[in-house]
Amino acid sequence: MTTYLVLVAIVIFACVLFRGVTGKLGIPMLFAFILLGMLFGSDGIFKIPFDDYSFAEEICTIALIFIMFYGGFGTKWSQAKPVALHAIVLSSFGTILTAGAVGVFCYFVLKFEFLESFLIGAVISSTDAASVFSILRSKHLNLRFGTASLLEIESGSNDPFSYMLTVLILALMSGEASGVGFALMIVKQLVFGVLFGVIIAFLAERFMRGLRFMSSGFDGVFLVAVAVLSFALPTLVGGNGYLSVYLTGIILGNKNINNKQALVHFFDSVTGLMQMLLFFLLGLLAFPSQLLKVILPAALIAVFLTLVARPLAVFLLSIPFKYNFKQLLVVSWSGMRGAASIVFAILTVISTAFTQNDIFHIVLFIVLFSILIQGSLIPLVAKKLDMTDDGSDVMKTFNDYTDDFPIRYIQFTIPENHSWAGKKVKEIDLPPECLLVLVLRNGKNHIPKGNTTIHSGDMLILSGRASEETIGVHLHEKIILKGDDWENKTISEIKDSSKLIVMILRANHTIIPKGNTKIHQDDILVINDIVEE
């Protein structure tokens, strides 16, 4: 036991070291994790014997739960909303079209068996969120026209469709479903996946709003349970657990729950560990000697997928959206394959369905090709096509992004016989460019209004310049997009009493708002969002 623990620690240290080294060399770190696994595996230097596909599938499934949950939880919906419809079309119909194109190629060109051809297409039809997120973050690569958000939503949400296609084709090959049973499997996968994801997210948010955790960090533990449950419950009844866990993540990640930034960082770390574990385990499971036997068909499929199938799906499905040609080229090239494809390939090994080809190693080669070639060249391709946006921070597309708000909070208690005691807020002369943000009275929060009366013993919180976290104040951003309900309204015309706009960022200028301040398109509002108790 102790020996295994030492080995695990060494592997984690090596993965962390590789993460730093690969960033400097420009090689995607996930590629290094797989190579490290191969180094320790049966064909490697350390020759650790490992070929338990069933055990690997169980461990990898757990890792994917957290990777997919974070894929949703870390995506900022306000940034993604303008491109969400296009992203969903690509993640659903694009996955199906890609799988179909690869299936046709395998059947007619490589002469694979019919269903097995489309099984390979299904397994490699989704793009990898972990790889896309890793490259965008590590390279600080923001893309024009909302392309970064488009890739985040698409890559984060298409794994469930690839999984569904894989499961359905395996059921057909093994004779477990046909006719009505096949149609019922599709309905259950989609309906239960969506239903459980939405319901669990709703209940979890309500629970987190009504419960104060006994100590810092327990909210993260709670969300770990939520992520696991959102996968397990729909899976028990034949639903798509991956679809459910992604929906749960994206819904919760875009709610105004407390401590969200710390939660995103927590799941970023958990997901990083899961990626290390998953890719190392997949490398450990692989036999490099077997890769040589499938290199020709695997290389042909990889080239066809990259240069034909993926661009075909992207361009055909983007016709109604009238996207920029260069943008579609970047989206096409950024369709990297990753961990999910290899995990789904393991399903083909442990399934009762008979396959003539070594699908696991074929898919592994395709993933290695995709990570090394596509992943390494994404920054270069984007730059050559003039699709990089150096004037904006790609981190704004993630939920852990925060600006350095130039606000200072002043907190004090009104003593007996103070000149403000007994007066209404509108009767008080506040310091210049200051705003009363919150009134704490008898342990309860009150959003101040003009007619709110100040009493002795009240704790007041005022905002000015520079930022410092203060108890009871929870800030978040709202970007005013075209057509927003708040666009062209004054502060006094906004009827939502639970939200107080404490600052407006407009064209690099800071505005402390007043009642007659008008909100414009592209304004970034800093909002104190508190439910009165």
Side-chain angles (χ1 to χ4, degrees), residues 78 205-206 208-213 255-261 402-403 405-480 484-506 509-520 523-533:
S78 60
E205 185 213 357
R206 298 286 293 183
M208 293 184 74
R209 280 182 174 272
L211 177 69
R212 293 186 182 276
F213 292 95
K255 294 293 185 180
N256 293 320
I257 56 180
N258 291 332
N259 205 29
K260 186 195 295 182
Q261 186 181 4
T402 55
D403 270 320
F405 301 129
I407 297 178
R408 173 174 297 161
Y409 300 105
I410 304 171
Q411 179 176 309
F412 60 92
T413 301
I414 300 295
E416 292 286 344
N417 303 320
H418 190 276
S419 60
W420 288 6
K423 288 186 177 181
K424 295 181 179 179
V425 172
K426 63 183 179 182
E427 299 172 343
I428 296 174
D429 291 327
L430 294 174
E433 292 191 333
C434 282
L435 183 70
L436 181 57
V437 174
L438 188 69
V439 177
L440 302 178
R441 180 179 300 154
N442 298 324
K444 295 184 178 180
N445 301 330
H446 299 275
I447 300 295
K449 303 179 179 65
N451 291 323
T452 300
T453 301
I454 303 299
H455 300 299
S456 298
D458 286 352
M459 180 180 288
L460 307 186
I461 298 176
L462 277 66
S463 68
R465 299 273 181 174
S467 177
E468 183 176 331
E469 187 176 353
T470 306
I471 185 171
V473 178
H474 304 282
L475 297 182
H476 67 93
E477 281 188 357
K478 176 180 174 67
I479 301 175
I480 302 300
D484 192 284
D485 292 339
W486 290 7
E487 184 184 5
N488 296 324
K489 286 186 177 181
T490 62
I491 300 294
S492 60
E493 291 174 330
I494 297 175
K495 304 301 181 183
D496 193 341
S497 61
S498 67
K499 300 181 185 297
L500 182 67
I501 301 171
V502 299
M503 191 180 75
I504 300 176
L505 300 178
R506 178 181 298 161
H509 294 290
T510 301
I511 300 172
I512 301 296
K514 299 179 180 179
N516 60 357
T517 302
K518 180 174 285 190
I519 297 174
H520 298 161
D523 279 354
I524 301 176
L525 310 184
V526 182
I527 300 174
N528 181 24
D529 189 2
I530 298 179
V531 178
E532 294 190 47
E533 300 177 357

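Here NE2 of His520 is found 9.0 Å from CD of Glu487. Values are rounded to the nearest 0.5 Å. Atom CG of Asn528 sits about 5.5 Å away from atom CD1 of Ile447, to the nearest 0.5 Å. Distance check: Leu436 CG to Leu430 CG gives 6.5 Å after rounding to the nearest 0.5 Å. A distance of 11.0 Å separates CG of Asp485 from CD1 of Ile519, quoted to the nearest 0.5 Å. Note that OG1 of Thr452 and NZ of Lys423 are 16.0 Å apart. Values are rounded to the nearest 0.5 Å. Note that CH2 of Trp486 and CG of Leu525 are 6.5 Å apart. Values are rounded to the nearest 0.5 Å.
In this view, Thr453 and Lys424, His455 satisfy the side-chain contact (heavy atoms from CB on, under 4.5 Å) rule, not counting sequence neighbours. The side chain to side chain donor-acceptor pair (under 3.5 Å) test applied to Asp484 returns Lys478, not counting sequence neighbours. Every side-chain contact (heavy atoms from CB on, under 4.5 Å) that Lys255 has, sequence neighbours left out, goes to Glu205, Ile251, Ile257.
Between Asp429 and Trp420, the shortest heavy-atom distance links the atoms O-CZ2, 3.9 Å. Considering all non-hydrogen atoms of both residues, Pro513 and Ile504 come closest at CB-CD1, 4.1 Å. Nearest approach of Val425 to Pro448, heavy atoms of both residues: CG2-CB, 4.4 Å. Leu435 approaches Ile501 most closely through the heavy-atom pair CD2-O, 3.8 Å. Smallest separation of non-hydrogen atoms from Glu493 and Asn488: OE1-O, 4.4 Å. Taking each heavy atom of Pro415 and Ser456 in turn, the nearest pair found is O-OG, 3.6 Å.
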Original post:
Is there a side chain to side chain contact (heavy atoms under 4.5 Å, CB included) between Thr413 and Asp458 once you walk through the steps?
Top reply: CA-CA 6 Å; Thr413 301; Asp458 286 352; over 6 Å; no

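Counting heavy atoms from C-beta on, the side chains of Lys449 and Asn451 never come closer than 4.5 Å. Side-chain contact between Arg506 and Asp523 is present, with heavy atoms from C-beta onward closer than 4.5 Å.
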